[in-house]
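See below for the structure under consideration.
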Number of protein chains: 2
Amino acid sequence: MPELSERKKQILANVVEMYIKSGEPVGSKGLISSSGMNCSSATVRNEMNELDQMGYLVQPHTSAGRIPSEKGYRYYVDNLMPRRDVDEFTKRMIDAGIAPAAGDPEKLVNRARELLADITKCAAVSTAPVGEMNVIRKIELVPVGMHTAMMVLLTSNGILKSRLCRIDSDFNVTILEQFYNIVESFFIGKPSGEISPAEIQTIAASVESNYFVMLPLLAAVSDLSGSTNDSRLILGGGANLLSRKDYGDKAIPLLEFLNKKEPLSEVIRSSKDDLSIRIGSENLFKQLEDSSVVVSKYSVKGDNSGSISVIGPTRMDYESVISSMRYLSDLLGHLITSALEE
Amino acid sequence: MPELSERKKQILANVVEMYIKSGEPVGSKGLISSSGMNCSSATVRNEMNELDQMGYLVQPHTSAGRIPSEKGYRYYVDNLMPRRDVDEFTKRMIDAGIAPAAGDPEKLVNRARELLADITKCAAVSTAPVGEMNVIRKIELVPVGMHTAMMVLLTSNGILKSRLCRIDSDFNVTILEQFYNIVESFFIGKPSGEISPAEIQTIAASVESNYFVMLPLLAAVSDLSGSTNDSRLILGGGANLLSRKDYGDKAIPLLEFLNKKEPLSEVIRSSKDDLSIRIGSENLFKQLEDSSVVVSKYSVKGDNSGSISVIGPTRMDYESVISSMRYLSDLLGHLITSALEE
DNA sequence: AATTGGCACTCAGCTTGCTTGAGTGCTAAA
DNA sequence: TTTAGCACTCAAGCAAGCTGAGTGCCAATT
């Protein structure tokens with residue numbers, strides 16, 4: 001990454017910011033007047049030309065102004081973007097918006113996602129808190145029919161999962177007792193997600209008499225506890241993308257893409273850092289080539305566990321999106337933590 | 001509703017069907033050729049003119065063909081539309097699509113909604129089964145923190161609801177025991193939704209010592225059991241409306257409207273019959289003036305309890321939508337019933 | 001009395017050409 | 001190295017013209 005001269009940096013930053021604000025390509029003259037640089041438009045023109053050749057800017061047509069390329073956005077985000085705190089207004093909006101959900105982890109996550117979509121006017125995605133430090137609190141098996149029962153599993157981060165299971169023989173007290181004994185001695189207090197099929201086999205084998213009845217139940221426990229939380233991945237504010245003129249009719253296939261759970265999950269989960277920004281084709285899916293994805297993780301009890309994300313046009317207002325997300329994911333982590341500890 | 005001559009009926013039916021297929025206004029000549037009527041275009045023209053004046057057809061512009069008015073659609077749906085069974089292909093699609101969800105009521109409903117959206121290329125809404133005959137099966141209270149607990153309620157139709165509650169004193173065995181006693185003697189087996197605040201008061205008063213601890217817990221039970229199932233109302237396939245050229249940019253405000261739970265719930269719930277069709281401005285919300293809403297109820301254990309709906313442009317293919325919905329809601333009702341009884 | 005062929009008329013949507021103006025690159029002077 | 005000046009480009013907006021599907025009406029036909 002070659003160093004740019006101070007002036008080039010200044011120009012690039014201005015182009016990016018003006019383009020983000022207006023959506024119109026930025027010309028040399030307009031840039032001068034609204035950035036207060038003290039040099040002439042011709043000078044800016046020369047510099048822009050070089051930035052163009054270096055790949056930071058592009059021209060939509062020969063006689064139009066410049067817009068940032070992906071490389072331009074990337075350089076801006078990495079080196080030029082101011083790292084301010086959330087503005088007061090947004091902060092209040094978040095504080096006020098999330099307050100009514102305090103105390104309930106699930107509601108908090110949902111509320112956070114809705115707020116994020118509203119604030120950024122982009123699509124927002126949330127994943128529920130599922131840390132590795134997470135422990136199984138309770139397992140219940142409630143008969144629903146003769147051969148079916150609802151299994152309910154509660155983890156220490158306050159997340160409830162359920163699933164219907166079916167067995168071949170009738171339910172009776174003995175089976176239930178046996179099941180609860182096993183649960184008590186093998187599962188309660190165990191980190192969720194650490195139950196291997198092999199273990200299940202071993203445990204099931206220990207009940208000679210009811211092996212074939214118990215096996216599906218135990219498999220269900222394993223399944224439920226380890227279930228990739230795809231089902232806890234929720235997209236909101238998709239409609240916001242439609243009002244963004246950036247995507248013309250490309251908004252429709254994009255929305256269709258985002259509505260599929262699996263690829264979306266892949267997109268979100270492929271982020272490693274606490275805060276990751278992927279711009280345009282840095283996203284591996286070609287459906288996202290005109291979009292940027294910002295993922296911010298939040299921690300519950302000091303354990304990195306869930307995330308909130310924003311998906312919008314590459315032209316999104318990175319600075320405000322990121323500052324909002326930083327604040328919101330911090331707050332969310334704290335609120336969930338205290339909901340569980342209190 | 002004045003009777004129309006046989007020929008007028010035939011013409012109206014053809015206009016509606018052709019317009020539904022093509023989306024283009026139907027002219028006299030085109031109608032002749034693709035409907036095989038044995039009269040001249042001039043005759044059709046005269047008839048169309050009358051239908052126009054009677055209010056069944058309208059002309060978008062002076063020199064265009066005719067399209068059905070709302071009155072025209074209504075007459076078609078009530079009197080002219082063939083009532084065929086689902087076509088073989090759709091039927092297979094439904095059978096194959098719903099099979100993997102068999103056994104789990106919640107999954108069945110979700111799958112049905114997704115299928116419906118896919119088949120009709122419209123938005124689809126599902127509500128979970130919540131009949132009046134519905135009974136509380138089990139209530140669990142799982143402590144999550146010092147002052148918080150997760151309450152889980154399971155009803156006889158296999159639907160699970162949960163909610164976090166918080167109390168002022170610490171949880172202890174006595175409180176839990178007392179709570180479960182109350183649950184056992186007052187709530188289990190009771191029709192959900194029939195627990196009045198007054199009753200809660202009475203019951204809470206019966207535990208002199210722990211009145212203030214028990215009250216919020218009991219209130220939570222009442223709340224959970226009676227909770228309007230707004231939260232069980234889910235919209236899917238909203239993106240389908242965008243690809244429908246019928247709504248130009250009106251699709252965006254429409255989607256925004258549909259994404260609000262309350263009005264959508266109102267729209268669905270205002271249907272009384274087993275199958276209700278509301279066309280255009282027959283819907284009370286003006287956001288739906290260009291849309292039709294078809295609601296079909298399904299029964300679980302003979303008790304009319306949930307519904308699936310389709311929302312799409314007034315130009316939707318009523319015949320195929322309705323036949324699909326009839327088949328699907330029947331199937332859904334049966335599958336849920338057998339999942340619970342088996 | 002109902003049906004039909006013929007004809008003049010309408011008008012949305014497309015095509016075409018013109019104009020405008022923001023913006024560029026280049027050159028020559030400061 | 002910067003700047004003023006100038007010729008050039010091209011998207012977007014507008015007006016005029018053309019096209020063709022479709023109509024309404026009338027007079028002739030069955």
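First the proteins, then the strands, lettered A, B, ... as listed; each starts at 1. No hydrogens, no waters, no symmetry mates; every other heavy atom, side chains included, goes into these values.
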Open item on the list: Suppose we screen for ring-ring contact (aromatic ring centres under 6.0 Å, His included). Which residues come up paired with A/Y247, at least two apart in sequence or across chains?
Closed with: none
Task: Residues that B/Y76 engages under ring-ring contact (aromatic ring centres under 6.0 Å, His included), provided they are two or more places apart - done: none
- [ ] Would you please name every residue forming a side-chain contact (heavy atoms from CB on, under 4.5 Å) with B/I322, sequence neighbours left out?
- [x] B/M81, B/L275, B/I277, B/V294, B/Y318, B/R326
Restricting to side-chain hydrogen bond (donor to acceptor under 3.5 Å, both in side chains), what partner residues turn up for [X], sequence neighbours left out?
X	value
B/Q59	none
B/R84	B/E319
B/E282	B/R74
B/S320	none

Open item on the list: Please list all pairs meeting side chain to side chain donor-acceptor pair (under 3.5 Å) that have one or both residues in residues 116-125 of chain A, counting only residues at least two apart or in different chains.
Closed with: none
Measure from [atom1] on [X] to [atom2] on [N] and round the result to the nearest Å.
X	N	atom1	atom2	answer
A/I67	C/dT24	CD1	C1'	16 Å
A/L31	C/dA22	CG	P	16 Å
A/N38	D/dT1	CG	P	17 Å
B/E47	C/dT4	CD	P	11 Å

Task: Residue pairs involving residues 55-70 of chain B (criterion salt bridge (Lys or Arg N to Asp or Glu O under 4.0 Å); sequence neighbours excluded) - done: B/D52-B/R66
TODO: Please report how far the helix from C/dA1-D/dT30 to C/dA30-D/dT1 bends, comparing the axis fitted to its first five pairs with the axis fitted to its last five, to the nearest 10 degrees.
DONE: 20°
Task: Residues within residues 6-24 of chain A bordering DNA chain D, heavy-atom distance below 4.0 Å - done: A/R7
- [ ] Would you please confirm or rule out a distance under 4.0 Å between OP1 or OP2 of C/dT4 and any side-chain N or O of B/T43?
- [x] yes
Open item on the list: What does the B/S/- profile of nucleotides 16-30 of chain D look like, 5' to 3', with a 4.0 Å heavy-atom cutoff to protein?
Closed with: ------SBBB-----
TODO: Using modelled atom types only, decide if a donor and an acceptor are shared between the side chain of B/S34 and the backbone of B/G30 within a distance under 3.5 Å.
DONE: yes
TODO: Side-chain contact test, heavy atoms from C-beta onward, threshold under 4.5 Å: evaluate it for A/L264 versus A/V125 and give yes or no.
DONE: yes
